[in-house]
Structure formats: C-alpha cells, structure tokens
Amino acid sequence: MAQTIPVAVSGPFPRSLDYLPPETDTPPVVGARVRVPLGRRQMVGMVTGPPRDPGLAGHRLRQITQVLDLQPLLDSELLGLISWSARYYHHPIGDCIATALPARLRQGYPAEPASETRWQLTPAGDEADIEALRRRAPRQAALLDALRSTDDLPAGQLAGLGGDARGALQRLVERGYATAVERADYGLITGRGTEGAPALNPEQAQATSALQPGAGHQVTLVDGVTGSGKTEVYLDAIARATAMGLQSLVIVPEIGLTPQLVSRFQARLSAKIAVLHSGLADGERLNAWLAAGSGAADVIIGTRSAVFAPLRRPGLIIVDEEHDASLKQQEGFRYSARDLAVMRAHRLECPIAMGTATPSLESLANARAGRYTHYRLTERAGNARPPQLRLLDMRGQPTTEGLSAPLLSTVRQHLDNDGQVLLFLNRRGFSPTLICHECGWLAECDRCDARYTYHRGRSRLHCHHCDRETPVPAVCPSCNSVDLRPLGLGTERIEGALQTALPDTPMVRIDRDSTRQRGRFEQHMAAAQRGEAQLLLGTQMLAKGHHLPAVTLVAIINADQGLFGADFRSPERLAQLVIQVAGRAGRAERAGEVVIQTHQPEHPLLQTLIHGGYPAFAEAALTEREAAGLPPARAMALIRAEAPGQTAPLNFLKAAAATLPTDSSVEVLGPYPSPMERRAGRYRAQLMLQANQRGTLQALLTDWLPGVSALPMARRVRWSVDVDPAEML
DNA sequence: ATCTGCATCATG
DNA sequence: ATGATGCAGATG
C-alpha cells in the first residue's frame, strides 16, 4: 500500500488528512505548506508528520497539488507545541495551525521577507583609481568613496549624497565598480542600548538570578507591586540572553502596552526587536514572524498569538501581566497564551518569567505547589510610598450623580494642593439603562437579554453586547410618556456632574468612546502626563500600565458592581482592578490616597483587600475556591452551544450529557442556559465538567467528544469546547 | 415544470 | 467551514 502524507487543513477535522505525495514535486518535508484538493476546492495545508500508512483503508486518496515550502516553515518544536495544544484544547489541528501563522502564510504567499535593494562595491570598484575618476566624474568618485566606507548603501540613502546620484550610480554599475544586492528587510527596531541599567535592588537581583537562559527550565512568578521594577528584571534577563546569542520572547496582553515597552527596550537593549500584534499590516506581520524564525530578531514582543512565534535560538520567555484575561482567546481556538508559554518553556527547557502586581489564583496555586518559584518585589523605586486604601461608606450620604459629598470634598482638597485626581468607573456611556418614569418600561436590546446603554452625546441607545445602535425614542413606546429618564451611572454622566461641581478644572475622560479616533488615547494620556488635565476620568483603559506620577488621589466610584458578578471569578477581577487602578497613584514622591466608594463597606472581600492587601485577598480566595471545588483547585471545561432557537442548544447538550460515562469521577453540572441566555439574537447554553485532576478530565474529553460530534443534533447548533474557561458567560 | 430554502452529508 | 445534494413547498 502506498504511503500517505498527513496534512492539516482548516475545517472540522480533529486530525490531519492523508494525501498521496505530489506528482512532480519532491515530497514535502514535515512543517512545509502544501496545496491540496479538498472537495472541489484547493486549500493550503501543513504537513504534520512523516509519510505513514493511511488510517482509512479503501478510501479514495487524493494527491498533493503543490509543495509551497522547501524548508520547514514550522520546526518540530513549534509543530509539537501546536499539536499539543490542539489535543489539550480539543480543537481542530488545522485551525490551530492557522492561528499560529500570519495571514500571508495562511494564504499561501511565499515565506519571504520584504527586501530592499542595496548597492555594494565590487572587487573592481575596490581597486579602481578614484583620483583619476575624481577629475572627470566627481559625482561617481564621491559615490565610490561612500561605497568604500560602508558594507553597502540602501537605495534610499543615495539622495542624501547630493544631486541626482542615480545617473552616477548607473555609470558605476556599467563600469563594474558597483552592484545591486537584495537584502531582507524585516522592519526590525534597532535597540540603541544607550541608556544604562540602574543597579538592581536585592529583591530584583534575586528574581533575575532565577532567570538563567541556557540553564534549563524554571518558572518564575515575579509578583511585584506597581512601581517595583518588574521591567528591570525582564530587561536584565533579556540582556543576558541577548549576550549569549539567545532570543527572548515577550508576551503582553494588549497592543496598548506594546509601544511603551518597546521604547523602553529600545533605549536599554543593544538588540534587534520584532513586534508582533494584530494592529500590523499583513506584510509587517509576516516580516516580524520571519525575523523571529530566521533569528534576525533578538527580542520578539507581541500579544497572545506571539506565543506561537517561531524561534531559531530560543533562550527566554516572559509573560507580562500574567493575570490579564485577554491572554486567553475567547472564541474559536480558546487557548491561554500564558499557559502555552509555560508549556513551551518547558518543552524548550528554557526559563520563563511571569510578571504581575496581582497574580492570578492559578499562578499562586502553582507557586504553592512548588511548580513555580515565587518572588515578591515589595520596594517601590525612588522611595515612592505605597498608596493608602480607604473605603468610603456611601450609605446615607448625600450624592450628586453617584459622587458622595465626602468624595467631592476629598477631590477638592487634592486639587487645591495641586494634586492630580483619577476617577475610575468601569462603565462607559451616560447611563446603563433608560427607564420610563410613568410606566417602568426599560430600553432593552431586542437581540440580547440586556438593556441598552444610553449615550447622551451621540443621542443613541447602544447595546454593548451585540453592538446594535438605535436612536433614543422621543416617547415611551409602551405608554407614550415623554418622561424617559437615564438610570444608573456611566463615565459620560460623571463627566457632566464633575464639570458642574468643579468648573474650571481641566479634565479628560478616557474610555472607548472618547478615544475612538486613532491617536486620541495617546493624546489624552500625554495631556494627563504633562499635568494639563487635573481630573482624569475613565474606565479600565486607565488601569493598565501607564505612569501618571502626579496622581495623588484615585477614586473608585462604584466598587459594588464588581461585588456580585455572575462569574465565580468576579471577586478576583475586582480585586485585581482595584489594585491595578490604585497603582496609578503616588508613583512619585507624594504618597497616594485611594478611596473606594461602596454601599457594602463590611463586605469581606473589600475588608480583606483594605486591611491585608492583595496577598491576603488571594489567600482567602484560594481557600474559598478550595472549599467550593472550583479552579484552580479543580480542573474545569465548558461545552458551549448556541442556536437561533431556544431549545436546540439545551437539547443538544442534554443529548451529549446522556452519552457521558456513568462510572467517571468527572462531575457534571447542567446543561443550563448561559448567564445571558440570548445574545446577538442567539440562544446559548452550557454544560460544565469538573474533575479533581486535569488528566481525568482530559481523558474523558478525548474519549467522549468524538461521539458528541457524531450526534445528529450537533449539526443543528454551533458548539465549542472551552478547556480552563476564563469567563463563564 | 421550475425555483427556493433548508436540512443533510462528505470532505483524505 | 464550505460546497453539493435532495426534498418539500411555493410559484405564474
């Protein structure tokens, strides 16, 4: 029987498909892309293994049409990681590979970087009599001089040599003195490395000593309060990796965080830096990806999918803000970049650092179990004092638009002392609801189980779940009353209230609405940093990693909304948010004050956070999860299903649950409708599976899911598996 | 008789 | 996923 080649193609195929070797091309190597027929289409696929005996006997086999890569595009390390994650997350292998590749490569473009024409001296040019030339052709001579002083000249630099150098160059080429060479242009950022490294404090030195590129695998949790210099720890380790000729891969949660980190790396490191994120054009992304794989880049910094960047000479992996939920992909291939980074470091036998001021409970549990080494950075640079957290009891207080009188007077005090004030409210728009004062009608989205958010500036109702927008009705659709009133607080409303309460105080509002246009976020942030705006008001955009050294007061306007979330992770998210926002205050000499407005000042979560800080909160939360049998104490997977009709998702999940083995130790919950059952016109439901051991759950999923796919009802719903879900919604 | 929409099926 | 196929009901 003829041997076949396993090829992964995107589609609902849990494993690679078998194809016969190509007619004319030489057989592809493992990790090469190939063009293959599938049905009546041609697809780009990836060779995932050596030739084998076909799994399906008597099946009509088809042939590889074309081999697209002569060299492997994915080496065995990366292909191994992707295959592992396809199995772990129970997602089709072709889709996983597609996630790992830049769009251009997915589409079958050649794996070649952009290139640039450069002009180089030939041996004849080296020996040419430049003085003789100088008299008759001074321009050519000058050009020859320039070529002799460097390895090569980029085409773009010719203009700088005065006059039209193109003709002269043409003559030099004709004489055989110069020649054009094409050189790869990866678009890398060149680190200047001009800025010196500050001396590390003992805590930093200890953490960085655990990060030894080349000395085997170790996971280091760098748990450092805001301002404690986590980045210095990264920089120290990266510099050592670079000096050893090894690459560093740095994963950050959001694009917003990349520019600052990049400029800091650029100032400090003598290294070539590649940036990989979704904001890049297809070509730029391809270049950066190839720079990582060719070894042209020393440092690769990128978002989630950068965990799949190819590495020619891997030495170190860093995950920044490891607690951040956006490291987990929330649709399709639902992988965790943080967890895969750890797995990759393990397979590469290289060190990995995970940094945060508010460690995830998962990482803390791993540290407790001895799998990660936990380093705490408690000293803040430049004698900055830790901010003081204080609860402000809202009960019975007079308020104007959600701002209590005591809060307003604290704000005034800080403003009078030339302090900057940051007000945080995690809700954009004017109000989260619009209600009829006559009959109680609520403006609800007709495609979701949710209320519209009222945006007064745009005079629109906007559903934040499905993005639907409608004009604000002039009268109540139910009773024709004109008395429609905003209910609840958003940043837009607070902004108005502040303008009334504190006229003449320059203020900026920073949320998704006020920063919609390109560059507005940076613009606002710069105004804040220069001190032009004394009042800063915003959503969680404000909480992430920006230095605001003049801020002396941070106020969290409504902590209560995070206290009673549907998700078992809501408390953890709230605690992280509070600490992250609080971290914006008092970074310079002046100690910061943090005020948290709440109607629940006795709430144990807030009490623990105020008196014991994040470590005490995390300790308590871990104990709670233990008692409740929730992650990270146990392993969890969700089977999600959705369809236009209400019953189909639940029926499918019931049918699926009915095929579960009864003798398994895996606990089954549901199926039940999702917390927000209807979203964007589709009904959603889920089935929860839990086990004490990851392996138990994995084994069950592996045995059980193929049968679930084969259920007739599986074709009538859209369904997916979420291993280690980050959100229960 | 032909068209249209939807469910079902196969893809190596 | 995506495209092919078959069938039921609608259509001038």
Side-chain angles (χ1 to χ4, degrees), chain A residues 1-25 27-69 79 82-83 85-87 89-103 105-108 305 329-335 639-652 655-656 680-684 705-722:
Chain A
M1 159 99 62
Q3 294 240 299
T4 57
I5 294 168
V7 177
V9 292
S10 78
F13 314 106
R15 308 252 153 256
S16 297
L17 305 181
D18 286 308
Y19 284 89
L20 293 167
E23 187 110 315
T24 46
D25 288 352
V29 294
V30 176
R33 289 169 303 158
V34 288
R35 228 179 267 285
V36 291
L38 182 72
R40 59 177 48 215
R41 291 179 304 159
Q42 286 286 321
M43 311 274 282
V44 175
M46 168 70 58
V47 177
T48 54
R52 63 183 183 187
D53 293 322
L56 274 125
H59 196 278
R60 180 176 78 108
L61 286 167
R62 300 176 79 184
Q63 207 165 31
I64 290 171
T65 316
Q66 189 192 4
V67 175
L68 293 169
D69 301 300
L79 203 50
I82 299 168
S83 306
S85 47
R87 285 190 301 273
Y89 290 104
H90 299 275
H91 195 78
I93 177 77
D95 249 26
C96 299
I97 289 172
T99 302
L101 294 178
L105 296 180
R106 221 155 46 217
Q107 292 152 10
S305 66
Q329 182 141 310
Q330 287 297 355
E331 55 185 51
F333 176 23
R334 295 172 173 257
Y335 65 100
I639 316 299
R640 305 163 183 276
E642 57 168 75
Q646 187 164 23
T647 50
L650 281 166
N651 286 340
F652 159 67
R682 302 176 69 85
Y683 289 87
R684 308 174 310 148
L705 287 172
V708 174
S709 314
L711 289 172
M713 268 186 270
R715 308 192 144 275
R716 265 167 253 143
V717 299
R718 200 187 284 171
W719 68 284
S720 63
V721 184
D722 193 349

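Side chains are part of it too, since the values below use all heavy atoms of this structure and drop only hydrogens, waters and symmetry mates.
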Q: A/Gln42 CD to B/dG12 P: how many Å, rounded?
A: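 That distance rounds to 11 Å.
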Q: Pick base, sugar-phosphate or nothing for A/Thr4, based on heavy-atom distances below 4.0 Å to the nucleic acid.
A: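 Touches nothing.
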Q: Should A/Arg718 be listed as having a side-chain N or O under 4.0 Å from OP1 or OP2 of C/dA1?
A: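 Indeed not, no polar side-chain atom of A/Arg718 lies that close.
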Q: Has A/Glu23 got more than 12 heavy atoms of other residues, nucleotides or ligands less than 6.0 Å from its CD?
A: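 No, the 6.0 Å shell around CD holds no more than 12 heavy atoms from other groups.
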Q: Taking side-chain hydrogen bond (donor to acceptor under 3.5 Å, both in side chains) as the test, write out the residues that go with A/Arg640, two or more places apart.
A: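 If we apply the side-chain hydrogen bond (donor to acceptor under 3.5 Å, both in side chains) test to A/Arg640, skipping adjacent residues, the hits are A/Asp722.
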Q: Testing A/Ile82, A/Leu17, A/Ile97, A/Val7 one by one against A/Thr48 for a side chain to side chain contact (heavy atoms under 4.5 Å, CB included), which residue passes?
A: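 By the side chain to side chain contact (heavy atoms under 4.5 Å, CB included) criterion, A/Thr48 pairs with just one of A/Ile82, A/Leu17, A/Ile97, A/Val7: A/Ile97.
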Q: Starting from P on B/dA10, measure out to CZ on A/Arg60 and report it in whole angstrom.
A: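 Whole-Å distance recorded here is 13 Å.
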Q: Under a cut-off of 3.5 Å for both distances of each Watson-Crick or G-U pair, what dot-bracket string does DNA chain C give, using [ ] for crossing pairs and | for inter-strand pairs?
A: |||||||||||.
Q: Does the protein touch nucleotides 2-9 of chain C at the base, only the backbone, or not at all? Give it as B, S and - per nucleotide, heavy atoms under 4.0 Å.
A: SSS-----
Q: Are any side-chain N or O atoms of A/Arg106 and backbone N or O atoms of A/Pro102, one a donor and one an acceptor, separated by less than 3.5 Å?
A: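 The answer is no, because no donor-acceptor pair under 3.5 Å joins these two groups.
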Q: Between A/Tyr19 and A/Val34, is any pair of side-chain heavy atoms under 4.5 Å apart?
A: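 In short, these two side chains do not touch, never coming nearer than 4.5 Å.
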Q: A/Asp95 has an atom CG; how far is it from atom P of C/dA1, in whole Å?
A: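 Answer to the nearest Å: 8 Å.
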Q: Would you mind reading off the distance between A/Ile64 atom CD1 and B/dG12 atom P, rounded to a whole angstrom?
A: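 Computing the A/Ile64:CD1 to B/dG12:P distance gives 13 Å.
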Q: For A/Glu331 and C/dA1, what is the distance between atoms CD and P respectively, to the nearest whole Å?
A: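 Computing the A/Glu331:CD to C/dA1:P distance gives 12 Å.
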Q: To the nearest Å, give me how far apart CD1 (A/Ile93) and P (C/dA1) are.
A: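 A/Ile93 atom CD1 is separated from C/dA1 atom P by 17 Å.
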Q: Once the angle between the rings of A/Phe333 and A/His91 is folded into 0 to 90°, is it parallel (under 30°), tilted (30 to 60°) or perpendicular (over 60°)?
A: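 Because their plane-to-plane angle is under 30°, the rings of A/Phe333 and A/His91 count as parallel.
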Q: How close or far is atom P of B/dG12 from atom CG of A/Asp18, stated in whole angstroms?
A: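 It is 11 Å, rounded to the nearest whole Å.
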Q: May I ask you to say what A/Pro37 touches in the nucleic acid, namely base, sugar-phosphate or nothing, with a heavy-atom cut-off under 4.0 Å?
A: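 Sugar-phosphate, backbone atoms only, no base.
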Q: Could you tell me how far apart A/Tyr19 (OH) and B/dG12 (P) are, to the nearest whole angstrom?
A: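 Atom-to-atom, A/Tyr19 to B/dG12, this comes out as 5 Å.
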Q: Is the number of heavy atoms from other residues, nucleotides or ligands within 6.0 Å of CZ (A/Arg15) greater than 12?
A: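 Result for CZ/A/Arg15: open.
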Q: Side chains of A/Gln42 and A/Gln66, heavy atoms from C-beta outward: is any pair under 4.5 Å?
A: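 No, every pair of side-chain atoms sits at 4.5 Å or beyond.
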Q: Tell me, do A/Phe13 and A/Ile93 make a side-chain contact under 4.5 Å, heavy atoms counted?
A: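 With C-beta onward as the side chain, the pair stays apart.
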